[in-house]
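Every heavy atom of this structure was used, including side-chain atoms; hydrogens, water molecules and symmetry mates were not.
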Amino acid sequence: MPSPIRIASWNLNHRAGASRFRPEATDAAIALNVDAIFFNEYYPKAHGPVFAGRLADAGWRHQIIPPEPPERSNRTFVVSRVPVEMDTLALPPYFDHQLPSNLLSVRFPDAGLRVIALRVPAYEPYQKDLILRSWDWLESVAGALVDEAAVIVGDLNVWPHSPRARGGDHFRRIRNKGWSLATPESEPSYFSTSGNKSTLDYLLHTGRVRASNTLFVTKAGSHILAGSPGAISDHAAIISDLQA
């Protein structure tokens with residue numbers, strides 16, 4: 001029987017280097033005390049080796065990050081206490097450098113689980129074509145994996161009632177075609193500096209995965225992840241126990 005696994009997904013709010021790197025994010029991530037952590041909106045700059053090294057020293061020694069893109073872009077980064085490997089899933093057909101660097105497709109062999117971890121880039125409204133092409137790919141992947149033990153997790157930059165132009169129709173179709181939402185639908189995961197709150201982060205899973213104890217986390221140990229002045233990020237982390 002596959003081993004259960006406890007994962008987290010957390011948007012670090014690096015904004016492709018426009019916001020400062022918060023070294024305390026390492027201790028906050030460690031305090032989450034999960035088997036694997038997917039960081040999105042991650043921009044390592046000069047701090048990357050220290051960040052990754054401290055997590056490796058703390059036990060998250062299995063680490064994967066997409067290749068550095070030829071243009072400024074956030075990335076998705078996974079660190080794990082248990083073996084993790086790149087999946088054979090085909091990456092999106094090239095239409096820009098942003099989506100591939102914000103995306104990881106991995107397998108946890110001991111857990112028998114496939115995970116698509118990503119942040120759908122926050123394209124501008126005039127880049128509607130890139131938004132829809134990103135969601136075209138994600139919907140296609142969701143259809144291909146619906147009969148497998150698979151999870152989609154991360155900052156999808158969509159609301160449950162978003163219009164088609166923001167990927168709302170794609171998101172709703174995925175949910176109507178065999179994928180279940182484990183994260184709270186009405187609880188906020190994003191906290192803007194102006195005080196607005198919304199749900200942008202999600203964990204979806206197929207019928208072959210049991211997700212339990214799934215919640216948004218705004219505090220880990222003594223560290224404020226999101227939702228209060230001085231928080232490390234503007235996004236809460238997702239935590240979930242998964243069993244294939």
Side-chain angles (χ1 to χ4, degrees), residues 4-15 18-45 47-48 50-61 63 74-82 102 104 115 117-120 122 151-160 181-205 211-243:
I5 185 171
R6 186 168 174 83
I7 72 164
S9 172
W10 187 23
N11 178 317
L12 290 176
N13 188 37
H14 286 170
R15 301 184 183 184
S19 62
R20 70 183 180 92
F21 197 100
R22 300 285 293 268
E24 63 268 37
T26 314
D27 294 324
I30 291 169
L32 291 171
N33 193 29
V34 297
D35 297 310
I37 311 169
F38 294 91
F39 300 102
N40 61 70
E41 203 168 325
Y42 172 70
Y43 190 77
K45 297 196 292 188
H47 303 277
V50 173
F51 182 73
R54 286 193 60 205
L55 287 165
D57 291 342
W60 287 266
R61 59 187 181 85
Q63 302 186 356
N74 296 305
R75 293 154 87 184
T76 292
F77 176 39
V78 62
V79 300
S80 179
R81 288 169 164 166
V82 298
N102 278 271
L104 274 178
V115 178
L118 77 161
R119 174 178 180 265
V120 176
V151 166
I152 296 171
V153 67
D155 174 5
L156 302 187
N157 264 317
V158 72
W159 299 268
L181 180 66
T183 39
E185 188 167 5
S186 58
E187 184 178 333
S189 67
Y190 168 71
F191 305 83
S192 75
T193 55
S194 61
N196 294 324
K197 303 175 184 179
S198 59
T199 307
L200 296 178
D201 304 84
Y202 303 90
L203 188 147
L204 298 131
H205 62 92
S212 57
N213 304 313
T214 306
L215 69 161
F216 294 133
V217 175
T218 57
K219 184 177 181 181
S222 61
H223 303 281
I224 305 300
L225 277 60
S228 300
I232 296 170
S233 177
D234 53 0
H235 284 255
I238 296 170
I239 289 183
S240 186
D241 293 310
L242 304 174
Q243 174 73 64

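- Across Gly221 and Ala31, no two heavy atoms sit closer than the pair N-CB, 4.0 Å.
- Rounding to the nearest 0.5 angstrom, the gap separating the OH atom in Tyr202 from the OG atom in Ser9 is 12.5 Å.
- Counting only residues at least two apart or on different chains, the salt bridge (Lys or Arg N to Asp or Glu O under 4.0 Å) pairs with a member in residues 231-240 are Arg15-Asp234.
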Derivation of the side-chain contact (heavy atoms from CB on, under 4.5 Å) call for Val34 and Ile7: CA-CA 6 Å; Val34 297; Ile7 72 164; 5.8 Å; no

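- Two residues are said to be in side-chain contact when any heavy atoms from C-beta on lie closer than 4.5 Å; Trp60 and Ile30 meet this criterion.
- Remark: the backbone N or O of Asn11 is paired with a side-chain donor or acceptor of Ser233 at under 3.5 angstrom.
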Test log, rule salt bridge (Lys or Arg N to Asp or Glu O under 4.0 Å), inputs Arg6 and Asp241: CA-CA 4 Å; Arg6 186 168 174 83; Asp241 293 310; 2.8 Å; yes

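- For the pair Trp159 and Ser198, the tightest heavy-atom approach, listed with the atom from each and the gap, is NE1-CB, 3.2 Å.
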Evaluation steps, side-chain contact (heavy atoms from CB on, under 4.5 Å), between Ile238 and Phe216: CA-CA 5 Å; Ile238 296 170; Phe216 294 133; 3.5 Å; yes

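- Heavy-atom minimum distance, Asp201 versus Thr183: O-OG1, 4.1 Å.
- Between the NE2 atom of His235 and the CG atom of Asp155 there is a distance of 4.5 Å, given to the nearest 0.5 Å.
- At distances below 3.5 Å, at least one donor-acceptor pair connects side-chain atoms of Gln63 with backbone N or O atoms of Ala52.
- Put simply, NE2 on His14 and CG on Asn74 are 9.0 Å apart, with the number rounded to the nearest 0.5 Å.
- Side chains of Phe39 and Pro44 form no contact here, defined as non-hydrogen atoms less than 4.5 Å apart.
- Pairing each heavy atom of Ala211 with each of Ala182, the nearest pair is CB-CB, 3.9 Å.
- Across Ala236 and Thr218, no two heavy atoms sit closer than the pair CB-CG2, 3.8 Å.
- In this structure, Leu225 CG and Trp10 CH2 are separated by 4.0 Å, a value rounded to the nearest 0.5 Å.
- Evaluation of the ring pair (Phe, Tyr, Trp, His ring centres under 6.0 Å) rule for Phe191 yields no partner, not counting sequence neighbours.
- Using a 4.5 Å cut-off on side-chain heavy atoms (C-beta onward), Leu118 and Ile152 make contact.
- Using a 4.5 Å heavy-atom threshold, the side chains of Thr199 and Tyr190 count as separate.
- How far NZ of Lys197 is from CD of Glu187: 10.0 Å, rounded to the nearest 0.5 Å.
- Taking 4.5 Å as the limit, every side-chain heavy atom of Val158 sits out of range of all side-chain heavy atoms of Val120.
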Trace of the side-chain contact (heavy atoms from CB on, under 4.5 Å) decision for Leu55 with Thr26: CA-CA 7 Å; Leu55 287 165; Thr26 314; 4.0 Å; yes

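- Proximity of a side-chain donor or acceptor of Ser189 to a complementary backbone N or O of Leu200 within less than 3.5 Å is detected.
- Between Phe77 and Phe51, the angle of the ring planes lies from 30° to 60°, which puts this pair in the tilted group.
- No donor-acceptor pair under 3.5 Å is formed between the side chain of Asp35 and the backbone N or O of Ile5.
- Using a 4.5 Å heavy-atom threshold, the side chains of Leu12 and Arg22 count as separate.
- Taking each heavy atom of Ala117 and Thr76 in turn, the nearest pair found is O-CG2, 3.9 Å.
- Distance check, rounded to the nearest 0.5 Å: CG of Leu203 to CG of Leu156 gives 9.5 Å.
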